[in-house]
Structures are given as C-alpha cells and as structure tokens.
Amino acid sequence: MTDPAAAQTFLVSEVEALEPFEFVAVVPGGRPMHIAEVMRREDGELEVRVPGRPRMMPALETRVRSALAEHGFASEDAEDQTQPWAHPAADPASAVALLQQILVEVFGEKPEARLDVGHGSHRAEHEARQKLGVARTRIEAIATDILGRRPERDADGDYALPIGEVHVMVAPRATHDGQVVIRIFAITNAGVSVTPELGLLLSRLNFGMMFGRFALDVENRSIWFDEALLGEQFREEELRFAVRTVASTADEWDDRLKQMFGGATYQEVLAGRTAQSPPPAKPGEGLGQYL
C-alpha cells in the first residue's frame with residue numbers, strides 16, 4: 001500500500017485486533033533495515049518499537065538512535081544493539097500515527113512509500129527471558145559455591161570463574177523459540193599461527209573426546225574449548241562437571257598448543273605478559289539465534 005491515509009486506516013484496524021505479545025510490523029519496500037512495529041504488551045497496553053538487531057547485523061546509526069531519543073523513544077541499554085527502542089502509545093490511532101512518523105522523520109522514508117506489513121508474536125521471546133532468569137539464578141548460586149564468593153560478570157552478563165590457571169566462562173543464552181542453552185567455555189590460546197596442521201590436530205582431538213570440543217576462531221587467531229548444556233533445569237552436577245572438564249582440558253592443552261603453533265596462552269593474555277588481545281567474539285555469536 002502506498003496511500004498514507006489508506007495505510008493508516010488499515011494499520012489501525014490491525015493494531016486493534018492485537019492480543020498480548022502480538023505485533024504488526026511495517027517495512028518500507030526494499031528497505032528491510034527500516035522496520036518498525038506496534039506491539040501489545042502483556043498488560044494490554046500498546047507500544048511502538050524499533051526492534052533490536054542481532055550483533056551480526058549493522059547497529060542502528062548514531063543519527064537514528066539520537067532521532068529516536070528526540071521522539072521520546074527509550075532503550076534499556078542504548079549501547080546494546082540487540083535491545084529495542086520503544087515508546088508507549090495510548091490507543092491504536094496514536095500508535096499508528098507515531099509509527100508512520102518514525103518511518104518518515106527518523107528513517108527518511110517518503111510518506112507515500114510502499115509498505116510491507118507482517119504479523120508476529122513476542123510471546124516466545126518473553127518466555128525465553130523468564131527461563132533465562134531462572135537459569136541465571138541457579139548458575140550464580142552454583143558458581144558462588146564453587147568459588148566461595150559471588151562470581152564476577154562481564155559486559156555480556158556472563159559469569160567468570162577462575163579455576164586454577166584457567167578462566168572459565170559460563171554463558172546462559174536463550175534461543176528465540178524459548179530454549180535455554182548454557183555455554184561453558186575457556187579460551188586456551190590467542191595469536192596462534194593458523195595452519196592446516198592446526199585444524200587437523202583440533203579435529204583429531206575432538207574426535208577422541210567424550211565431552212567438549214575445541215574450536216578455532218580463524219579471524220581472531222584464537223582457540224577455545226567449550227561445551228553446552230540444554231535447558232534451564234540442568235542438574236547441578238552437570239554444570240559442575242562441565243566447568244571442571246573445560247578447566248582441566250584447557251589447562252592440559254594451552255601450553256602444548258603454544259609450543260606447536262605459537263602465540264600465547266590466555267593466562268598470559270590476562271596477565272599482560274604478551275601483546276596479544278582477548279578475542280572480541282564468543283562461541284555461538286554472530287548468527288543471531290540467541291537473545
């Protein structure tokens with residue numbers, strides 16, 4: 001549809017029919033990044049949203065974020081590109097009017113631009129975040145017992161567990177369909193020489209392992225060892241076993257891998273005994289499947 005008045009009438013009727021967590025999304029034709037939506041929250045109120053973007057996609061431009069803030073939109077964390085920008089709306093008509101205003105005044109679309117309309121629900125995402133909260137509570141309690149103190153958390157909210165000479169991370173994640181995944185990993189080496197021999201060695205090691213696997217981050221020349229647990233109701237002993245196995249395997253192989261393929265162990269990186277920097281990405285990131 002291209003007529004603004006007709007589009008407004010149609011969208012108002014669509015918004016009126018929304019149930020809690022359902023949304024109507026609008027995308028200008030050929031401009032998939034300029035998406036905005038109207039969602040009915042759990043409490044029945046409406047809000048206009050510019051959805052967050054997975055880290056594999058370009059973040060909203062600074063200009064766009066500033067314009068959204070000027071229009072009264074807010075984000076839980078403006079520096080986190082995965083977080084949506086939202087603005088409450090009193091009724092369907094004002095919600096649609098604000099949505100159309102955002103398309104024109106923030107994204108620079110013409111009022112008569114052709115609009116593609118889609119429908120969906122954020123219920124699964126909402127339930128996933130609830131499950132993630134349960135998982136975090138359990139992880140923090142177990143990690144506190146392991147360390148004898150509360151674990152530190154990094155910028156992503158992942159738990160850091162120094163086990164011996166190894167830095168183990170416990171990273172709870174939730175998929176968009178509501179499944180919780182607990183990633184347990186450690187960086188073994190950084191700045192390695194990426195060669196076919198290294199890839200072959202890691203493949204052979206993985207084939208012989210009963211639990212966990214090595215992974216090679218080619219772009220950042222780093223080696224990881226990680227494992228995953230499924231579900232927020234994991235058994236306590238499962239998590240403890242995973243942490244011990246990741247720590248012991250990383251400790252067993254980091255010096256050997258350094259001798260064979262150069263670079264530095266991650267302990268040397270953390271201690272500042274090398275010019276190597278920590279890799280910027282973590283296992284499982286980049287495909288947009290996690291909240």
Side-chain angles (χ1 to χ4, degrees), residues 53-59 77 79-82 139 143 146-147 149 151-173 181-229 239 241-290:
R53 296 178 177 179
R55 289 188 174 89
M56 67 176 294
M57 299 174 62
D77 183 352
E79 299 303 318
D80 182 354
Q81 72 178 65
T82 67
I139 290 169
I146 291 173
L147 299 176
R149 57 176 175 80
E152 295 182 0
R153 294 173 63 176
D154 67 8
D156 297 323
D158 298 336
Y159 298 92
L161 282 68
I163 307 294
E165 295 185 353
V166 177
H167 200 74
V168 178
M169 301 297 299
V170 180
R173 300 284 188 266
V181 179
I182 312 299
R183 304 296 302 265
I184 304 97
F185 53 82
I187 307 172
T188 63
N189 300 79
V192 297
S193 177
V194 178
T195 65
E197 291 75 18
L198 173 57
L200 180 60
L201 173 64
L202 297 182
S203 296
R204 286 175 171 170
L205 290 175
N206 286 341
F207 184 76
M209 288 181 171
M210 295 180 62
F211 192 86
R213 60 161 191 165
F214 282 99
L216 176 61
D217 180 354
V218 176
E219 288 76 13
N220 296 297
R221 299 169 57 207
S222 59
I223 302 172
W224 302 70
F225 187 78
D226 81 299
E227 184 52 273
L229 303 179
L239 181 58
F241 176 78
V243 169
R244 289 197 305 268
T245 301
V246 169
S248 61
T249 305
D251 188 44
E252 177 184 1
W253 281 96
D254 56 358
D255 286 317
R256 298 187 195 182
L257 292 168
K258 174 186 173 181
Q259 291 173 359
M260 290 185 284
F261 301 101
T265 67
Y266 191 56
Q267 287 64 48
E268 292 172 330
V269 174
L270 292 177
R273 298 197 300 268
T274 174
Q276 301 295 334
S277 300
K282 295 177 180 178
E285 290 186 349
L287 298 180
Q289 73 269 44
Y290 295 127

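Numbering of residues begins at 1 and proceeds along the displayed sequence.
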- [ ] Let me see the working for Leu216 and Leu198 under side chain to side chain contact (heavy atoms under 4.5 Å, CB included), right down to the final yes or no.
- [x] CA-CA 9 Å; Leu216 176 61; Leu198 173 57; 3.8 Å; yes

Open item on the list: When you measure from the side chain of Asp154 to the backbone of Asp156, do you find a donor-acceptor pair of N or O atoms at a distance under 3.5 Å?
Closed with: yes

Task: Donor-acceptor pair, side chain of Ser248 and main chain of Thr245, under 3.5 angstrom - done: yes

Task: Separation between CE of Met57 and CD of Gln81, rounded to the nearest 0.5 Å - done: 8.5 Å

TODO: Output all residues satisfying salt bridge (charged side-chain N to carboxylate O under 4.0 Å, His left out) with Glu227, sequence neighbours left out; order by chain, then residue number.
DONE: none

TODO: Heavy atoms only: give me the nearest Gly212-Met209 pair and the separation to one decimal.
DONE: O-CB, 4.0 Å

TODO: Supply the atom-to-atom distance Thr249 OG1 to Asp251 CG, rounded to the nearest 0.5 angstrom.
DONE: 9.5 Å

Open item on the list: Would the distance check show the side chain of Arg213 and the main-chain N or O of Asn206 forming a donor-acceptor pair, the cut-off being under 3.5 Å?
Closed with: no

Task: Greater than 12 external heavy atoms within 6.0 Å of Glu152's CD - done: no

- [ ] Give a yes or no on whether the backbone of Pro58 and the side-chain of Arg53 come within a donor-acceptor separation of less than 3.5 Å.
- [x] yes

Task: Closest approach of Pro162 to Arg149 (non-hydrogen atoms, all atoms of both residues) - done: CG-NH2, 3.5 Å

Task: Donor-acceptor under 3.5 Å (Asn189 side chain, Asp254 main chain) - done: yes

Open item on the list: Apply side chain to side chain contact (heavy atoms under 4.5 Å, CB included) to residues Leu147 and Leu161 and explain how you reach the verdict.
Closed with: CA-CA 7 Å; Leu147 299 176; Leu161 282 68; 4.1 Å; yes

Task: Distance-only donor-acceptor check, side chains Ser222 and Asn220, under 3.5 Å - done: no

Task: Ile146 CD1 to Ile163 CD1 distance, which is reported to the nearest 0.5 Å - done: 6.0 Å

TODO: Can you measure from OG1 (Thr274) to NZ (Lys258) and round to the nearest 0.5 angstrom?
DONE: 8.0 Å

TODO: Go through the steps for Met260 and Leu201 under the test side chain to side chain contact (heavy atoms under 4.5 Å, CB included), then give the verdict.
DONE: CA-CA 10 Å; Met260 290 185 284; Leu201 173 64; 3.6 Å; yes

Open item on the list: Would you compute the distance between atom OG of Ser193 and atom CZ of Arg221 and round it to the nearest 0.5 angstrom?
Closed with: 7.0 Å

Open item on the list: Is there a side-chain contact between Val170 and Asp158 in this structure, where contact means two heavy atoms from C-beta onward sitting under 4.5 Å apart?
Closed with: no

Task: For Phe207, ring-ring contact (aromatic ring centres under 6.0 Å, His included) partners two or more places apart - done: none

Open item on the list: Distance check, rounded to the nearest 0.5 Å: Gln259 atom CD versus Leu257 atom CG?
Closed with: 9.5 Å

Task: Arg256, CZ: over 12 other non-hydrogen atoms inside 6.0 angstrom - done: yes

- [ ] Determine the sole option in Trp224, Phe185, Phe225 for which the ring-ring contact (aromatic ring centres under 6.0 Å, His included) test with Phe214 is passed.
- [x] Phe225

Open item on the list: Restricting to non-hydrogen atoms, name the atom on Ala242 and the atom on Ile184 that form the minimum distance, rounded to 0.1 Å.
Closed with: CB-CD1, 3.9 Å

Task: Other residues, nucleotides, ligands: >12 heavy atoms within 6.0 Å of Glu268 CD - done: yes

Task: Intermediate values then yes/no, side chain to side chain contact (heavy atoms under 4.5 Å, CB included), Asp255 and Glu165 - done: CA-CA 12 Å; Asp255 286 317; Glu165 295 185 353; 5.6 Å; no

- [ ] Return the minimal non-hydrogen interatomic distance between Val192 and Gly262, and the atom names on each side.
- [x] CG1-O, 3.9 Å

- [ ] For Ala160 and Pro151, work out which heavy atoms get closest and say how close.
- [x] O-CB, 3.9 Å

Open item on the list: Looking at Ile223, is its backbone amide N or carbonyl O close enough to the side chain of Thr188 to form a donor-acceptor pair, meaning the two atoms are under 3.5 Å apart?
Closed with: yes

Task: Side-chain touch Val269/Thr265, heavy atoms, less than 4.5 angstrom - done: no

TODO: Would you check if Leu229 and Val181 make a side-chain contact, meaning some heavy-atom pair closer than 4.5 Å?
DONE: no

